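Every chain is numbered from 1, with letters handed out A, B, ... down the list of sequences. Keep in mind that what you see is a predicted model, and the values were worked out from it rather than measured.
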Amino acid sequence: MTGTNNLEYNAQTIEKKWQEYWAEHNSFEPSEDFTKEKKYILSMFPFPSGRLHMGHVRNYSISDAFARFARQEGKNVLHPIGFDSFGMPAENAAIKNNANPKTWTYDNIEYMKGEFKALGFSFSKTRELATSDELYTKFEQGFIIDMYESGLLYREKGLLNWCPHDKTVLANEQVVDGCCWRCDTPIVKKDMNQYYFKITKYADELLDSLKKLEGGWPKQVLTMQENWIGKSNGLEFDLYFDDNSLNILDNKFKSFDVFTTRPETIYGVSYTALAPEHKIVSYMIENNLLSDDVLAQIKDMKNTSSINRQKEKKGISLGLDVLHPLTGKKLPVWIANFVLTDYGSGAVMAVPAHDDRDFDFAKKYSLEIDAVIKPKEGEHDFSKSAFCDVGILFDSAEFNGLNSKKSQYNVIKKFEDEKLGKKTTNYKLKDWGVSRQRYWGAPLPFVHCDDCGLVMEKKENLPIALPSDVEITGEGNPLDKHPTWKHCKCPVCGKDATRETDTMDTFVESSWYFLRFCASPKNWETEAFSKEQMSYWMSVDQYIGGIEHAILHLLYARFFTKVFRDLGYVEFDEPFDKLLTQGMVLKDGAKMSKSKGNTVDPDAIIKKYGADTARLFILFAAPPTQELEWNDNAVEGAYKFIKRFSDRSSHIIKTDKIPSIQHATLCKDEKYARKKVYEALVRAKEVYNEKYTFNTLIAGTMEAINALNTQDNSDLWSEGYWILSSILEPIIPHICWEISNEYFSLNNLTSQKVLDEVFLEDSMTLGVSINGKRRCEIEVAIDESKENIISLAKQKAQKWLEDKEIVKEILVPKKLVNLVVKG
RNA sequence: GCGGAUGUGGUGAAAUUGGUAUACACGCCAGACUUAGGAUCUGGUGCCGCAAGGCGUGGAGGUUCAAGUCCUCUCAUCCGCACCA
């Protein structure tokens, strides 16, 4: 009954053997034949922190399953990997261990490459890169120069987010709850020079083309990006000071402008408020127009972090008045801590009757509350709260009686007709500040010349590489302190000049690495990538990574793609067709982290059980988008399954092609086993192509093996293993290649055909329900008539039908019979 | 407060998209083989009940012959945004 071959399951030996085989045979290199159908599978590349963690293992197990499946289908697969190797941790490690950041980084990369190999991931070796490679820096600096020339990069002095711990500036996206995204230190505002990418120029397009990603990207990520861009339409207009205020201000300011999304409440404006950082406030401070007490209050407000500002509304009256643009009524001007300096114009019109914030403020400082909208039905008590819903306008001149929402347009039109203001759109999105005052990053290729000002380095001088002989102390910018590095000649006039010592945010590197992977390694040295390679490989068919990049990396990468399109490098708008955001790996209900001491080391798991076990467990325990709870027992279970899968291969008879089986001659158990095998195959195709629920696919193969085990037809065992080791190969590749090599001459690792005949059956089991409640079941011939089925059902369910009247009989083909009874 | 998601056995989770709820696995129980078993194999396992039977997808309603799935309300948990005018 069994074949003669036997295979001992020894994960370490088998896995090492196939890893060597794949390396020797360059098994996973994409072809340069651009006529083949391509598949670009990408997972977010790691920072080389030293060792992989389980989140990485999950990420790459998912992408590897996609990549290996696509290869089986005959696609030309690009499945690259690299290292996002610039960044602060390298520098911090250097400070801590007195090491060199570069040495630290590249040592880590070597170690992690070994881990990738040990996990059997099918990455292209020839396209591996590290973003700290000088070649990568060279091309990146070239892009920076192009972007500067196109006005998409500029340098400006501004109020910036400064992390006192990391001693660098951060982009808005990198400030989480008022704290540094990396070290959680509360950020402070600092006035300094900074380089910015003009991402706001693309705000509308970044927002609009989110529509193209619907269906391919998780809804949650699309919503988060939409909110981050934060587009809002409204009215912008000027508020003019009265004569007394003009005198106070010595006519230096005649007015300030405000933005509102609620123009329909214009007749309800009863005061105005400025941000403490507003230029009029600054003017008054500088010209001693405020009392010491007020100055102290303003200073206090400015020094309070945005998080603490939220706790309590505070205001200071400036003793100035502006005139209502329509009624001419005097409106007092206040400073309010809740007015944001960097949104709109940093000043607002306040309508306390119809805005919760304005209401709180008005109550606190006993300011007028003028209602202009009433509910469509009922009354609203304006002494208790603001009314913020849609209603009917009153005390609003010609707009009285109108629906408040609908009259927004009318009010804007009036302002425009009378040249008092204009329709405006505002965005929450700010330009992306990219300079960092740290060492381990790509230098910005600029030179400061006393005569020529800020000039670009010449492209032929790129890369501007980092010096390796630096002293990293954590105090000050090592590039700035280096004795010689920053001294250079001006590329324009040739005189002595100094280099820019700021380096770039590492999110710049990850904004185009997926394009670099498309470059043919043979042209690696001479070009960043080519249009031809781009148009073949891009866009990424399937991108896999963590939700934590929903805004940061994914927004920046989309921005770069659009910029590169406009610079003529590429011809597509969106880089990632489909995005899968994998869930976190948890242990004891919490995210694995060193500080909690609940980590599981991938190396230890590989050593104990092998890579196949780790991969199988990770893909079996939960669907990829869900959180994954680590469970040692279940890992053991995954190992036992693989061992059983291996042991039972002894039933196979060696063959070079799939055995041909006469289905009709099989007995019932055999037919059932065969059906289970093909069901698993159907499910595999569904899962790899659209559903991504690897857990159900694996369950299907387990069912098939359980079913095979109830019979002893060796042809069926062979056919079953031919198919099952093919569909499991993307998940547990080593054992599948071993089995395939041992029994099938590696001929079965290709796309398998579904045979419809195995699903044909001559009888079926139907459930019988009474009033929708399942009572029993019947077995009938596949082509049995409805009458006979119903009558059999009645017979079988007689017990529940006594003294009852059957009022309806329902037959759901191949599923069930439902008898509706009364009495 | 706004937005998004998720609630199914002791546990991780399935459910052909309105048609036999709990597949597959972990755990647990029993048996076999064993000097031994934390190995392997076989069987059992939603809850209550001695049983007949009843109850069961966070809760309450509703639509339907039929609801985990659709509708309304509600509770809980998680995540994201958060004074954006």
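For Ser232(A), a side-chain nitrogen or oxygen approaches OP1 or OP2 of rA85(B) to under 4.0 Å. Proximity of Asn631(A) to the phosphate of rC26(B): no side-chain N or O atom is located under 4.0 Å from OP1 or OP2. In this model, the phosphate group of rC41(B) is approached by a side-chain N or O of Arg648(A) to a distance below 4.0 Å at OP1 or OP2.
rC26(B) is paired with rG10(B) under the criterion used here, namely a Watson-Crick or G-U wobble arrangement in which both key atom distances are under 3.5 Å. In this entry rA36(B) has no Watson-Crick or G-U wobble partner, no candidate having both defining distances under 3.5 Å. Base-pair partner of rC50(B): not found among the strands shown (Watson-Crick or G-U wobble, both distances under 3.5 Å). Across all strands shown, rA5(B) pairs with rU77(B); the Watson-Crick or G-U wobble distances both stay below 3.5 Å. If you check rG31(B) for Watson-Crick or wobble pairing at under 3.5 angstrom, you find it paired to rC41(B). Of the nucleotides present, none pairs with rG68(B) by Watson-Crick or G-U wobble criteria with both distances under 3.5 Å.
Residue Phe617(A) is tested with Trp630(A), Tyr609(A), Phe641(A) for a ring pair (Phe, Tyr, Trp, His ring centres under 6.0 Å); the sole match is Trp630(A).
A donor-acceptor pair under 3.5 Å is absent between the side-chain atoms of His553(A) and the main chain of Glu548(A), judged by distance alone.
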Side chain to side chain donor-acceptor pair (under 3.5 Å) for Thr200(A) and Asp431(A)? Distances and angles first, verdict last. CA-CA 6 Å; Thr200(A) 52; Asp431(A) 277 343; 2.7 Å; yes
Side chain to side chain donor-acceptor pair (under 3.5 Å), that's the test. Do Ser649(A) and Ser646(A) meet it? Break it down for me. CA-CA 5 Å; Ser649(A) 69; Ser646(A) 170; 5.0 Å; no
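Within the nucleic acid shown, Arg683(A) has no heavy atom closer than 4.0 Å to any nucleic acid atom. As judged by a 4.0 angstrom heavy-atom cut-off over every strand, Val812(A) is placed among the base-contacting residues. At the heavy-atom level, Pro218(A) lies nowhere under 4.0 Å from the strands shown. Within 4.0 Å of Lys640(A), counting heavy atoms only, lie sugar-phosphate atoms of the nucleic acid but no base atom. Residue contacts for Glu636(A): at a heavy-atom cut-off of 4.0 Å it reaches no nucleic acid atom on any strand shown. Thr693(A) comes within 4.0 angstrom of no nucleic acid atom, judged by non-hydrogen atoms across all strands. Among the protein residues, Glu627(A) comes within range of the sugar-phosphate backbone only, with heavy atoms under 4.0 Å from sugar or phosphate atoms but none that close to a base. Heavy atoms of Asn426(A) sit nowhere under 4.0 angstrom from any nucleic acid atom. No contact: Asn227(A) has no heavy atom under 4.0 Å from any strand. Within 4.0 Å of Asn709(A), counting heavy atoms only, lie sugar-phosphate atoms of the nucleic acid but no base atom. The residue Glu629(A) sits apart from the nucleic acid: no heavy atom pair falls under 4.0 Å. Among the atoms of the strands shown, base atoms are found under 4.0 Å from some heavy atom of Val339(A). Contacts of Asp355(A) with the nucleic acid, taken as non-hydrogen atoms under 4.0 Å apart, are absent. Phe620(A) comes within 4.0 angstrom of a base, heavy atoms only.
The aromatic rings of Phe415(A) and Phe237(A) sit tilted, their planes meeting at an angle between 30° and 60°. Tyr365(A) and Trp334(A) have tilted rings, their planes meeting at an angle from 30° to 60° on a 0 to 90° scale. Taking the six-membered ring where tryptophan is involved, the planes of Phe361(A) and Phe338(A) are perpendicular, since the angle between them exceeds 60° and thus also 30°.
With rC65(B), rU20(B), rA85(B) as the choices, the nucleotide that has an atom nearest any side-chain atom of Lys808(A) turns out to be rC65(B). In the set rC24(B), rU20(B), rA5(B), the nucleotide with an atom closest to the side chain of Lys219(A) is rA5(B). Comparing rA85(B), rA66(B), rG4(B) by their closest approach to the side chain of Gln220(A) singles out rG4(B). With distances taken from any side-chain atom of Asn818(A) to the nucleotides rC26(B), rA15(B), rG19(B), the minimum falls on rG19(B). With rG3(B), rC26(B), rC65(B) as the choices, the nucleotide that has an atom nearest any side-chain atom of Asn633(A) turns out to be rC26(B). Out of rG19(B), rU20(B), rA13(B), the shortest distance to the side chain of Asn695(A) is found at rA13(B). Residue Thr260(A) places its side chain closer to rA85(B) than to any other of rC24(B), rA85(B), rU20(B). The Trp800(A) side chain lies nearest to rG53(B) when the options are rC24(B), rA85(B), rG53(B). Taking the side chain of Thr261(A) as heavy atoms from C-beta on, and the options rA13(B), rU16(B), rA85(B), the nearest nucleotide is rA85(B). Distances from the side chain of Ala622(A) to the nucleotides rA23(B), rA82(B), rA13(B) place rA13(B) closest.
Protein atom CG of Leu222(A) is 16 Å distant from nucleotide atom P of rC81(B), rounded to whole Å. Separating the CE atom of Met224(A) from the P atom of rG3(B) is a distance of 16 Å, rounded to the nearest angstrom. The nearest whole Å value for the distance from the CG atom in Leu681(A) to the P atom in rU16(B) is 19 Å. Atom CD1 of Ile551(A) is separated from atom P of rC79(B) by 17 Å (rounded to the nearest Å). Summarising the geometry, the separation between CG on Leu819(A) and P on rU64(B) is reported as 20 Å, rounded to the nearest angstrom.
Taking 4.5 Å as the limit, some side-chain heavy atom of Gln582(A) sits within range of a side-chain heavy atom of Ile62(A). With contacts defined as side-chain heavy-atom distances shorter than 4.5 Å, the pair Val821(A)/Val807(A) does not qualify.
Atom P of rA76(B) sits at a distance of 45 Å from the matching atom of rG38(B), rounded to the whole Å. A distance of about 32 Å separates the P atoms of rG4(B) and rG10(B), rounded to the whole Å. rU57(B) and rU20(B): their P atoms are spaced 16 Å apart (whole Å). Comparing the same atom, C1', in rA25(B) and in rG9(B) gives a spacing of 14 Å after rounding to whole Å. Separation of the C1' atoms belonging to rG53(B) and rA66(B) is 22 Å when rounded to the nearest angstrom. Across the P atoms, rC70(B) and rU17(B) are found 14 Å apart, a figure rounded to whole Å. Comparing the P positions of rG19(B) and rU11(B) gives a spacing of 26 Å, expressed to the nearest Å. Look at the C1' atom in both rU40(B) and rC33(B): the space between them is 9 Å, to the nearest Å.
Base orientation of rU17(B): syn (glycosidic angle within 90° of 0). Base orientation of rG43(B): anti, the glycosidic angle falling outside 90° of 0.
Here Leu616(A) contributes atom CG and Asp612(A) contributes atom CG; the two are 8.0 Å apart, rounded to the nearest 0.5 Å.
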